[in-house]
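Working notes, beginning with the structure itself.
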Amino acid sequence: MKTGETHYFQVVIPAKAGIQSEADVSRSPAVYLLASAKRGTLYTGVTSDLIQRVWQHREHLTAGFTDRYDVDRLVWYEMHETMESAILREKRLKKWNREWKIRLIEQTNPE
């Protein structure tokens, strides 16, 4: 995958997400958006292992914002070549207003 390439999965099943192989998304820096429901509470995160991190959110393994507000649906992600570029993108997305994030999600997922 190329830096900045955007992908979306409505429902994520660890190690079976969409058409990408586990090698494509496992151990690669990624920025992601989670939601509690359609137009629900949003969470922006960054990880080096997207499959594992989404699984952790879905299983509520870490106390915090996503656990408290039941934010566990992967609605958007973007792969990066380096963790530095992923962190920079995450910081930029966190400054976006809610409608911009929803528009980003809905561009790749009209449902």
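Numbers here simply count residues along the sequence, with the first being 1.
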Exercise for the section: Quick one: list whatever passes side chain to side chain contact (heavy atoms under 4.5 Å, CB included) with E90, sequence neighbours left out. Expected result: V31, T44, V46, K94
Handout entry: Any side-chain heavy-atom pair of L33 and E78 under 4.5 Å
Key = no
Completion exercise
With sequence neighbours left out, the residues meeting side-chain hydrogen bond (donor to acceptor under 3.5 Å, both in side chains) with T66 are H57
Exercise for the section: Please step through side-chain contact (heavy atoms from CB on, under 4.5 Å) for the pair D70 and H60, ending with a clear verdict. Expected result: CA-CA 8 Å; D70 201 27; H60 302 277; 3.1 Å; yes
Fill in the blank from the handout: Here the pair of heavy atoms bringing P29 nearest to A86 is CB-CB, 4.0 Å
Problem - W96: partners by side chain to side chain contact (heavy atoms under 4.5 Å, CB included), with sequence neighbours left out - result: R89, L93, W100, K101, L104
Completion exercise
One should read off an interatomic distance between S28 OG and E81 CD, to the nearest 0.5 angstrom, of 9.5 Å
Handout entry: Heavy-atom pair of closest approach, residues R98 and G40
Key = NH2-O, 2.9 Å
Fill in the blank from the handout: Sorted by chain and residue number, the side chain to side chain contact (heavy atoms under 4.5 Å, CB included) partners of T41 (sequence neighbours excluded) come out as S36, F65, Y69, V71
Practice task
With sequence neighbours excluded, give me every salt bridge (charged side-chain N to carboxylate O under 4.0 Å, His left out) pair touching residues 37-47.
Solution key: R39-E99, R39-E106
Handout entry: CG-CD1 distance between N109 and I102, expressed to the nearest 0.5 angstrom
Key = 12.5 Å
